[in-house]
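Data first, discussion second: the structure below is written as structure tokens.
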Amino acid sequence: MRATVADYDAVIVGSGVNSLACAALLARAGWHVCLLEREGELGGAIKTAELTEPGFRHDVFSAWHPLWVGGRAHAELGDDLAARGLEYLNTELPTATAYPDGAHALLSTDREANTAELDRHAPGDGAAWRDAMDEVGEKADLAFGVLGTELWSSAGASLAFSAVRRLGRRGLASFSAEVVQSSRDWLETTFRSERAHGLLAPWVLHTGLGPDAAASGFMTRVIAFAIEAGGMPVPRGGGARLVDALVRLIEDHGGVCETGRDVERVLVANGRAHGVRVANGGVVTAERAVVCNVTPPQLYGRLLADGDVPASVRDAGMRFRFGRSEMQIHFALSEPPRWDGDERLGKTAIVHVTPGLDGVSRAVNEAERGLLPAEATIVVGQPLTIDESRAPAGRGLLWIQLQELPWRVKDDAAGEIDVGDGTWTESLRERYADRIQSRLARHLPRLESSILGRVVLSPADLQAANINLAQGDPYSGSLALDQNFAWRPFAQQPGHRTPVRRLFHIGASTWPGPGLGAGSGTLVADDLLRPPPAKRAAGRLGALARRGRA
Ligand SMILES: Cc1cc2nc3c(=O)[nH]c(=O)nc-3n(C[C@H](O)[C@H](O)[C@H](O)COP(=O)(O)OP(=O)(O)OC[C@H]3O[C@@H](n4cnc5c(N)ncnc54)[C@H](O)[C@@H]3O)c2cc1C
């Protein structure tokens with residue numbers, strides 16, 4: 001079956017943001033790329049659709065783009081994408097928490113306002129906020145460097161050396177201790193007010209962690225800093241505009257993006273990948289790289305044949321663990337949501353509804369023990385606060401996320417819902433969504449009378465929509481410490497190279513993990529576009545010679 005002349009330089013499996021960014025970077029550098037997607041649409045966990053009612057444009061899965069806008073792919077491709085119609089909108093009110101007693105805490109993009117807000121809850125917390133953010137800022141190159149570097153590489157080693165040079169041995173010891181600290185430990189030793197804890201703790205859910213997990217403190221600080229500095233950008237018209245612009249960029253550089261193409265096998269000969277076989281027949285060959293945006297169980301249990309990789313790697317890939325499951329609820333409303341209390345809540349992009357740090361911790365723990373949480377953290381996204389084009393004038397639209405759910409439900413922590421056989425049936429999904437809706441109605445008294453449409457996606461629906469969201473895990477794999485950082489996707493094969501030459505592994509399951517930053521796609525594009533060592537050495541010699549002549 002092997003073609004004498006390969007069809008493409010690179011074939012990319014899957015069309016998530018990592019694949020699209022990787023393909024765009026390669027295509028722009030002159031590579032002939034082909035991207036194959038098994039579903040009917042490109043974009044993976046980015047999709048915008050009129051899900052509920054005509055004129056209401058919902059971001060069905062992901063919605064918020066600070067990771068993309070703050071990432072390197074955007075830095076490199078942003079102008080090209082803007083030229084293809086992509087425009088980002090932003091807000092000064094990115095997040096808040098609404099508590100059951102009617103109190104609230106807000107975080108804006110203004111350092112002074114945030115200092116005053118935290119002082120309002122406990123005098124002295126404002127100064128603690130300023131100090132904490134200054135400290136993240138001073139080490140931002142290291143903190144964001146860790147999150148944007150191929151850790152098992154010369155770049156990873158040079159980041160470690162520069163950290164030693166800058167911080168010294170003791171400084172490095174304390175920086176690395178900060179990296180593994182839990183969110184609870186950081187919050188409780190930094191801020192006096194429980195309102196401050198409750199403002200920040202829910203954000204660890206967006207990194208796949210819980211507030212008591214290792215490294216959740218580091219993620220809390222980095223996110224707090226990023227939100228204050230960068231707000232909550234979204235593309236005008238919906239997340240799909242990013243996909244559209246990336247696809248246009250790829251195609252403008254001669255690349256090909258195809259849907260309905262389920263890749264079932266990576267073709268390997270002599271320890272080297274040279275193409276893929278598609279389920280409904282056909283082979284696509286690639287001369288320089290096969291890049292797979294899949295989970296480890298799919299890569300090692302489906303796409304590679306027995307014997308392509310050592311059994312120890314294959315077994316470890318098959319044991320890769322998925323994290324908690326997730327539910328989405330989309331509402332179309334006849335009027336804008338009116339929050340009880342501060343009117344700024346109605347202008348805030350993401351409001352978390354939770355009793356606070358202990359509430360998040362309890363709900364995470366219940367989900368991890370197989371229970372429907374009694375009082376889940378409700379992530380209330382309000383995209384219309386930034387982009388009015390998402391719904392007809394005068395209407396409301398909510399994007400709700402519930403990140404503390406089990407895949408197999410053993411029971412209901414509140415003792416109210418009969419969970420049946422524990423699978424996510426339509427009835428279980430709707431009854432759990434009803435509970436969330438009535439809790440929300442305590443903060444939004446006119447919610448229930450203004451609902452025009454509601455669409456709920458259970459963990460089972462997420463898995464059915466995208467094979468990478470296995471078990472309804474929005475982050476394609478647990479981010480527990482042993483599957484994170486230098487151990488992602490798993491300790492026996494960390495990073496993006498695989499035991500098969502020219503076969504690369506990208507996607508949320510791989511480092512730097514989930515989110516719209518396109519980190520893994522960018523790192524692999526870097527790797528592929530880097531000149532081979534011989535050329536690099538020749539380049540260095542040439543530079544030395546030129547310097548000698550000067
Ligand atoms: C509900 C939800 C909300 C989220 N909200 C946010 C948010 O607001 N902000 C944020 O930054 N992140 C968010 N995330 C996380 C973020 O969206 C994902 O981590 C990211 O989009 C994953 O991108 P990816 O490149 O890994 O691939 P994915 O988007 O998972 O796409 C992978 C694609 O590969 C395809 N594929 C897999 N196997 C094959 C095969 N064998 N052949 C062909 N095609 C294949 C799949 O069909 C899929 O389309 C959210 C995730 C979810 C699920």
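Remember, it's 1-based here, ligands and their atoms both numbered in the order they're listed.
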Checking Asp262 now: which residues fulfil salt bridge (Lys or Arg N to Asp or Glu O under 4.0 Å) with it, not counting sequence neighbours? Arg38, Arg302
Could you pull out all residues at least two apart from Arg265 that satisfy salt bridge (Lys or Arg N to Asp or Glu O under 4.0 Å)? none
Give the atom numbers and elements of ligand 1 that come within less than 4.0 Å of a heavy atom of [X].
{"X": "Leu36", "result": "43 (C), 44 (N)"}
{"X": "Leu67", "result": "11 (O)"}
{"X": "Gly44", "result": "29 (O), 31 (O), 48 (C), 49 (O)"}
{"X": "Leu469", "result": "53 (C)"}
{"X": "Arg302", "result": "41 (N)"}
{"X": "Pro514", "result": "19 (O)"}
{"X": "Gly507", "result": "26 (O)"}
{"X": "Asp262", "result": "40 (C), 41 (N), 42 (N)"}

Is there a polar contact between ligand 1 and [X], counting only N or O atoms under 3.5 Å apart?
{"X": "Ala508", "answer": "yes"}
{"X": "Asn466", "answer": "yes"}
{"X": "Gly515", "answer": "yes"}
{"X": "Glu39", "answer": "no"}
{"X": "Val17", "answer": "yes"}
{"X": "Arg38", "answer": "yes"}
{"X": "Ile467", "answer": "no"}
{"X": "Val263", "answer": "yes"}
{"X": "Asn18", "answer": "yes"}
{"X": "Ala63", "answer": "yes"}

Under-4.0 Å salt bridge between [X] and [Y]:
{"X": "Asp252", "Y": "Arg84", "answer": "yes"}
{"X": "Arg314", "Y": "Asp308", "answer": "no"}
{"X": "Arg57", "Y": "Asp387", "answer": "no"}
{"X": "Asp473", "Y": "Arg324", "answer": "no"}
{"X": "Asp434", "Y": "Arg431", "answer": "no"}

Atom CG in Leu479, atom OG in Ser216: separation rounded to 0.5 Å? 11.5 Å
Straight-line distance of Ile227 CD1 to Leu200 CG, nearest 0.5 Å: 8.0 Å
Return the residue, atom name and 0.1 Å-rounded distance of the protein heavy atom closest to atom 34 (O) of ligand 1. Gly14 CA, 3.2 Å
Identify, for atom 33 (C) of ligand 1, the protein heavy atom at the shortest distance, and state residue, atom and that distance. Glu37 OE1, 3.5 Å
Should the pair His58 and Phe56 be assigned to parallel (<30°), tilted (30 to 60°) or perpendicular (>60°) ring geometry? parallel
Region of [X] engaging ligand 1 - heavy atom pairs below 4.0 Å:
{"X": "Glu326", "value": "side chain"}
{"X": "Asn293", "value": "both"}
{"X": "Gln298", "value": "side chain"}
{"X": "Ile506", "value": "neither"}
{"X": "His65", "value": "neither"}
{"X": "Leu516", "value": "both"}
{"X": "Val294", "value": "side chain"}

Taking the minimum heavy-atom distance to atom 5 (N) of ligand 1, which of Ser62, Ser520, Gly208 ranks first? Ser62
Applying salt bridge (Lys or Arg N to Asp or Glu O under 4.0 Å), run through Glu251 and Arg248 and close with a yes or a no. CA-CA 5 Å; Glu251 291 176 346; Arg248 278 190 58 195; over 6 Å; no
Does Glu388 have more than 12 heavy atoms from other residues, nucleotides or ligands lying within 6.0 Å of its CD? no
May I ask you to check whether over 12 heavy atoms, not counting those of Asn280, lie within 6.0 Å of atom CG? yes
With a cutoff of 4.0 Å, is [X] in contact with ligand 1, counting heavy atoms of the residue only?
{"X": "Glu41", "value": "no"}
{"X": "Arg261", "value": "yes"}
{"X": "Ser476", "value": "no"}

Donor on one side chain, acceptor on other, [X] and [Y], under 3.5 Å:
{"X": "Trp339", "Y": "Thr348", "result": "no"}
{"X": "Thr377", "Y": "Glu404", "result": "yes"}
{"X": "Gln463", "Y": "Gln471", "result": "no"}

Cation-aromatic face contact Arg288/Trp31, 6.0 Å, 45 degrees: yes
Is the shortest side-chain heavy-atom distance between Val17 and Ile46 below 4.5 Å? yes
